[in-house]
Amino acid sequence: MTNMKTTVNRFWIGAQSRQGLWLLPLLIVAAMVLTLTVGTSQFLRPENLFNLVAQAMPLMITAIGQLFVVLVGGLDLSVGSVISFTTAVLAIGGPGYLLIPSAIALAALVGATNGLVITRFNVHPIIATLGMQYVLLGVTRILRPTSGGTVPEIVISSVSGNILGIPMPIFWGAAVIFIAWKLLYGSRFGLHLFAIGGGSAAGSEDAARNFGLAVKRNIVLAYVASSCFAALAGIFLAGRIVSGDPNVGLLFELDAITAVAIGGTQLSGGVGSLHGTVIGALVLALLANGMNLLNISPFIQTAIKGAILLLVVGTQTRKRTGL
């Protein structure tokens, strides 16, 4: 019995150590909600709460995708361009049953390309995904130079309205979290991501490979997941703005990285959690909503987000130079 308890305790401690510091951001969320409730009369109004959820959803979806990449010690700077590209594809005009799978398939191709460039040609993730960002920006502006176009009705109806009084974005969030949870915690794929990132963060790049893990394949799949989740965020945004927009994904990559870091994920890899990332996205959404209610300039909001990213990353313990 003692051995059983010891084994369970070790497993629990090990699992918790891989989750990152997510409790502090949760307390920050509670403090922000209390502050905004007391400090503004508009915060608890139903229309503001609906806007808060709708605004938080694309960031949360993108950040969850970014988590897959960060867990293996990478970064994906192309997700903002994938979002814009997805809205442009959906606004081409055509039936939703063709455009939606096409947009997701193209996003998967982008992610696979990122992963292959990184693993096969040893290009740094920042450089590889930054290059892809510019490629997609160019292609997106060819497809949709300015905002406009016709988005399939099924996309619009999937993000607007409610079912039994529950707003559609809530269903989006529940579905995305369930899919991510199954991938990260209900499959070997998720376990392998933690193992690969843990070895990389410890400075032992070959540790996971020595245990028989297909390191390169899993890294490629992590980038595919990141791009596919970004495409889902693009589909959601296309339904919200009812058009394609080449600029709608601007700076989403930095917001997603900030949300992941706020949620306690180590950018060096191996440590992080899905719930921490969701909380991190909620922190940024509450921050943006509160600053909008207080009529703070969008430029100042961007500066504050950058300062938060620097603060969070600067406080993380790193055993080597770089992320």
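Remember, it's a predicted structure, so these values are computed and weren't measured experimentally.
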State plainly whether one hydrophobic cluster holds both [X] and [Y], where clusters connect Ile, Leu, Val, Met, Phe, Trp and Tyr through side-chain heavy atoms under 4.5 angstrom apart.
| X | Y | answer |
| --- | --- | --- |
| Ile126 | Val135 | no |
| Leu282 | Ile304 | yes |
| Phe229 | Phe171 | yes |
| Leu143 | Leu90 | no |
| Val123 | Met132 | no |

Just verifying a value: how many Å separate [X] [atom1] and [Y] [atom2], rounded to the nearest 0.5 Å?
| X | Y | atom1 | atom2 | result |
| --- | --- | --- | --- | --- |
| Ile118 | Ile127 | CD1 | CD1 | 10.5 Å |
| Leu52 | Met57 | CG | CE | 9.0 Å |
| Leu136 | Ile83 | CG | CD1 | 11.5 Å |
| Ile64 | Leu183 | CD1 | CG | 10.5 Å |
| Gln133 | Phe85 | CD | CZ | 14.5 Å |
| Glu253 | Gln66 | CD | CD | 8.5 Å |

If the plane angle is over 60° it's perpendicular, under 30° parallel, otherwise tilted; pick one for Trp172 and Phe236.
-> perpendicular

Evaluate the ring planes of Tyr185 and Trp181, with Trp represented by its six-membered ring, and classify them as parallel (under 30°), tilted (30 to 60°) or perpendicular (over 60°).
-> tilted

Please check if atom CD1 in Ile296 has more than 12 non-hydrogen atoms from other residues, nucleotides or ligands closer than 6.0 Å.
-> yes

Take atom OH of Tyr134 as the centre, draw a 6.0 Å sphere, and report whether it contains more than 12 heavy atoms from other residues, nucleotides or ligands.
->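 Not buried by this count: 12 neighbours or fewer within 6.0 Å.
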
Compare all side-chain heavy atoms of [X] with those of [Y] and state whether any distance is below 4.5 angstrom.
| X | Y | answer |
| --- | --- | --- |
| Pro169 | Phe50 | yes |
| Val220 | Arg120 | no |
| Phe68 | Asp76 | no |
| Tyr223 | Ser78 | no |
| Lys305 | Leu254 | no |
| Leu184 | Leu67 | yes |
| Ile177 | Val278 | yes |
| Ile170 | Val53 | yes |

Side chains of Arg144 and Asn247, donor plus acceptor under 3.5 Å |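 Side chains of Arg144 and Asn247: no pair found under 3.5 Å.
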
Does a donor on one side chain sit under 3.5 Å from an acceptor on the other, for Asn289 and Asn48?
->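 There is such a pair (donor and acceptor under 3.5 Å, judged by atom type) between the side chains of Asn289 and Asn48.
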
On a heavy-atom basis, which atom in [X] and which in [Y] lie closest, and how many Å separate them?
| X | Y | result |
| --- | --- | --- |
| Ser273 | Gly263 | OG-O, 4.4 Å |
| Thr86 | Ala103 | CG2-CB, 3.9 Å |
| Pro101 | Gly96 | CD-O, 3.7 Å |
| Pro152 | Pro95 | CG-C, 4.5 Å |

Any donor-acceptor pair under 3.5 Å linking the side chain of [X] with the backbone of [Y]?
| X | Y | result |
| --- | --- | --- |
| Thr277 | Ala63 | no |
| Ser227 | Val224 | no |
| Ser84 | Ser81 | no |

Could you check Thr119, Leu193, Val69, Leu116 and say which one makes a side chain to side chain contact (heavy atoms under 4.5 Å, CB included) with Ile219?
->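 Testing Ile219 for a side chain to side chain contact (heavy atoms under 4.5 Å, CB included) against Thr119, Leu193, Val69, Leu116 leaves exactly one candidate, Thr119.
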
Please determine which of Leu77, Val70, Ile262, Thr62 meets the side chain to side chain contact (heavy atoms under 4.5 Å, CB included) test together with Ile257.
->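 With Ile257 as partner, Leu77, Val70, Ile262, Thr62 yield a single side chain to side chain contact (heavy atoms under 4.5 Å, CB included), made by Leu77.
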
Val159 and Val155: CA distance, side-chain angles, deciding distance, side-chain contact (heavy atoms from CB on, under 4.5 Å) verdict = CA-CA 7 Å; Val159 302; Val155 174; 5.6 Å; no

Where do Ser226 and Val79 land on the side-chain contact (heavy atoms from CB on, under 4.5 Å) test, with the steps shown first?
-> CA-CA 7 Å; Ser226 176; Val79 291; 3.4 Å; yes

Phe252 and Val82: side-chain contact (heavy atoms from CB on, under 4.5 Å), yes or no, with the steps?
-> CA-CA 10 Å; Phe252 255 89; Val82 171; over 6 Å; no

Run the side-chain donor-acceptor check on residues 25-47: report pairs under 3.5 Å with partners two or more places apart or on a different chain.
residue : atom : partner : partner atom : Å
Thr35   : OG1  : Ala31   : O            : 2.8
Thr37   : OG1  : Val33   : O            : 2.6
Thr40   : OG1  : Leu36   : O            : 2.7

Step-by-step side-chain contact (heavy atoms from CB on, under 4.5 Å) determination, Ile104 to Ile235 | CA-CA 9 Å; Ile104 295 175; Ile235 294 170; 4.1 Å; yes

